[in-house]
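Notes for the one structure printed next.
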Amino acid sequence: SIDQPNIALTVDLEVYISGIKVTTVYKNTIQDISGCRHLGIAYEPDTVVSADPETCSKLTCSETAVLETIGCGPLERCQGNNTCVVDTTCTVTGPTVINVHGQLNFIKDRCAYSLVSIPSIPNLYLVANFRDRRREDVSLLDSVILRLDGPGVHIHLEQGGRVWLDNSMLTLESLPQLVHGVQLSQDQTGVTAKLSLSNLNISVFFDGYTAQILLEGPAGSSVEGLCGNSSRSLSDLRLSEYSSTSCEMQYSEPADTTIDCTSVTERCNLLKEAPFSSCNTDIDPEPYITACTDTLCKYPAVDGLNCQFLKAYARACSLHNHAQDGWTSKTGCSSEAFCQDRTCSDHEFCGEKTVSGDTRCFCRAIFSSKYQEINSLGDATVCMQDSASVTLVGCLVEDKRINYSALQLNDPTCRGQVDELTHMVTFSFNSSNRCGTVVTTNNSYVIYKNTIRSQNYSFDVITRNQFQIDFSCVHSQPNIHTATFRIRDCSVAQKISCGAWNYTLIIKAYTDAGRTQVVQLNSQVRLNQRIWVELETNGLDGSMVTVVSDSCWATNQASPTSSPRHDLIINGERYSDCANPADLTVAVEQNGLGTSTLFSFNMFRFTGGSGEVYLHCKLHLCPKEETSCIPNCNAAARRRRSVGSKYEGEASIGMSWTH
């Protein structure tokens with residue numbers, strides 16, 4: 001640099017300054033002449049000293065007379081002819097995002113985030129979804145979504161090499177397939193999606209566990225999102241439309257004491273050694289090492305995670321023409337994608353089941369925790385009107401080393417139905433196929449019980465690796481709490497809630513034996529008129545259970561315990577569920593044979609009463625297999641029914657009479 005600020009000339013002379021002839025001289029005038037010197041040559045400010053088109057490098061003398069070297073920006077490369085283009089990579093692996101500047105972001109929840117958005121291309125978004133796997137407190141990259149809002153296209157890249165176009169699964173090959181302007185291809189290493197928009201080339205690679213985004217375009221292109229230079233917070237980049245409502249909930253688990261963090265650090269530092277070191281000057285290994293150690297010091301190095309960060313760095317190098325030959329042999333890793341062709345359901349992930357590398361679908365930690373808390377392998381039994389079913393979670397059953405496709409009910413022909421999408425296994429029985437269901441009773445319930453068991457189940461003294469789960473549905477014994485319903489109210493129905501199974505008891509009164517003339521509202525019943533009373537159920541399986549009227553009696557008040565009382569069907573020492581021999585008009589026409597009972601009598605009144613008669617009946621349910629449920633009404637006989645099968649439910653009906 002030359003700086004001669006205070007030169008005053010008063011005579012006419014030829015003047016040279018550093019070899020430069022001054023041709024015009026102003027007397028009594030001060031002039032500032034500045035410049036730059038390079039290789040002994042002076043250059044005026046704001047001029048180009050030298051340029052190399054092949055490296056896009058320029059040496060200039062700045063306006064302030066400072067020599068400056070100008071080249072491509074930090075995210076750019078020179079493609080010759082003084083042309084700089086954007087050429088940068090973003091890597092998303094495990095819970096970490098290494099952006100185009102080599103900066104790290106750690107994702108601690110299970111939400112979806114914006115990875116890439118281009119202000120000049122408003123229709124393009126790249127989204128990353130994070131989910132839990134073996135631990136509740138560590139979230140890992142789970143899937144990637146390429147969203148093109150112009151045509152309303154969503155391309156989902158998922159585990160197992162699955163690619164969805166909106167709701168349709170695509171079948172890809174190594175040759176690119178053009179889908180809405182996106183070139184999609186798949187090989188043994190993973191899935192690649194390429195597209196070009198506004199002179200910007202974008203390549204997205206995903207192997208089910210790591211995503212790498214290569215951006216190439218004109219200089220000055222701006223990238224926002226977690227991959228770019230966005231100054232927005234993580235919460236601002238979270239996308240609720242792709243996230244579950246509870247995705248931000250934080251979980252905690254005890255530290256895994258089996259992890260040796262020292263060994264983990266040594267392995268992650270392999271990225272500083274050959275053959276990786278040849279790439280270290282162009283791609284900083286430190287963000288990858290930090291991501292590797294931070295993750296593997298708290299999460300087990302299984303399911304390919306032991307190689308995942310090394311593989312991600314090797315591929316990032318290869319994208320920038322630094323092939324990492326020999327890295328797989330040095331690290332014991334494979335370049336092929338892990339679990340590439342195994343399809344797991346939404347609540348599962350693909351992982352290693354053996355040290356040798358065999359894989360299967362495992363339950364995600366948060367999903368399985370709700371079953372582990374109650375020591376269950378599936379959901380509660382579902383009891384419908386005439387059927388029962390129970391669903392087991394396939395991945396939980398496999399955790400017990402049980403092949404769920406080889407399970408059965410008591411009847412070996414009754415096998416579980418496997419849902420191929422969810423891997424849930426459902427076992428069921430119904431009235432037409434009981435599958436060996438055993439019916440028992442206690443004081444309050446009729447119990448329908450079956451057992452899920454392994455095919456090789458043994459009743460020997462000792463056994464190994466056998467499987468048995470009992471499940472049941474119950475009918476509560478009838479118990480109608482309504483004290484009164486009058487005959488002029490026509491029929492009365494009350495729903496009986498038994499927790500698992502529901503049924504309905506309907507009581508009707510008729511004036512004819514064919515039960516066609518129902519006593520209607522305001523019907524008048526004459527003294528000594530024949531009345532038929534039917535107690536009918538809906539919702540019971542008649543092939544498995546019967547209804548028995550234990551006793552029926554009449555009072556002149558609504559309370560069943562009021563007096564006077566007149567017995568119609570009695571349950572005593574000599575008679576059980578049979579007509580009272582003291583009232584010869586009573587006839588028990590059906591009792592204990594099906595899901596309804598029927599008896600008849602001649603209408604009467606209580607002496608000095610109000611003219612109304614209230615009937616009350618105690619009922620119970622009985623397994624059909626128990627022949628003792630059928631009343632034996634011989635005068636000297638008493639039905640021998642186990643006390644445990646009887647539960648007294650109560651029904652009442654009131655009637656008015658006229659002369």
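Computed from a predicted model, the values in this text were never measured in an experiment.
- To the nearest 0.5 Å, atom CD of residue Q159 and atom CD of residue E348 are 10.5 Å apart.
- More than 12 heavy atoms of other shown residues, nucleotides or ligands fall within 6.0 angstrom of atom CD in Q529.
- The OH atom of Y510 sits 12.0 Å away from atom CD1 of I531, with the distance rounded to the nearest 0.5 Å.
- Between T426 and S389, the closest heavy-atom pair is CG2-CB, 4.1 Å.
- W164 contributes no side-chain N or O that, together with a main-chain N or O of H154, makes up a donor-acceptor pair within less than 3.5 Å.
- Rounding to the nearest 0.5 Å gives a distance of 14.0 Å between CZ of R605 and CG of N528.
- Panel note: side chain D303, backbone E352; a donor-acceptor pair is recorded below 3.5 Å.
- In this model, C361 has its SG atom no nearer than 2.5 Å to the SG atom of C395.
- Without hydrogens or angle criteria, S143 side chain to N129 main chain gives no donor-acceptor distance under 3.5 Å.
- T437 and N450 share a side-chain donor-acceptor pair at under 3.5 Å.
- Within 6.0 Å of CE in M249 there are 12 or fewer heavy atoms belonging to other residues, nucleotides or ligands.
- Put simply, the side chain of S549 does not reach to within 4.5 Å of the side chain of F599, judged on heavy atoms.
- F471 and F429 have tilted rings, their planes meeting at an angle from 30° to 60° on a 0 to 90° scale.
- Between I447 and S472 the shortest heavy-atom distance is CG2-CB, 4.0 Å.
- In this structure, OG in S454 is found 14.0 Å from NZ in K400, a value given to the nearest 0.5 Å.
- In this structure, T451 contributes its side chain and R453 its backbone to no donor-acceptor pair below 3.5 Å.
- R434 and D541 are not joined by a salt bridge, as no carboxylate oxygen comes within less than 4.0 angstrom of a charged side-chain nitrogen.
- E248 and R238 are joined by a salt bridge, as a carboxylate oxygen and a charged side-chain nitrogen come within less than 4.0 angstrom of each other.
- Side chain of R530 to backbone of A513: no donor-acceptor contact under 3.5 angstrom is found.
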Stepwise side-chain contact (heavy atoms from CB on, under 4.5 Å) test for L598 and W532: CA-CA 7 Å; L598 177 67; W532 284 263; 4.2 Å; yes
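- Between the side chain of R415 and the backbone N or O of L407, at least one donor-acceptor pair lies under 3.5 Å.
- The line from CZ of F349 to SG of C363 is 8.5 Å long, rounded to the nearest 0.5 Å.
- In the model, H616 has a side-chain atom that pairs as donor or acceptor with a side-chain atom of T555 under 3.5 Å.
- Salt bridge present: R565 and D567 bring a charged side-chain N and a carboxylate O closer than 4.0 Å.
- For the residue pair S252/D137, the side-chain donor-acceptor check at 3.5 Å is not satisfied.
- Heavy-atom contacts from other residues, nucleotides or ligands closer than 6.0 Å to CG of D166 number more than 12.
- The minimum heavy-atom distance between Y242 and R147, with the atom names listed, is OH-CD, 2.8 Å.
- Within the 4.5 Å cutoff, no side-chain heavy atoms of V425 are placed close to those of V397.
- Judged by distance alone, the side chain of R110 and the main-chain N or O of C247 form a donor-acceptor pair under 3.5 Å.
- Counting only N and O atoms by type, the side chains of R162 and T343 include no donor and acceptor under 3.5 Å apart.
- Using a cutoff of 4.0 Å between basic side-chain nitrogens and carboxylate oxygens, D379 and K370 are not scored as salt-bridged.
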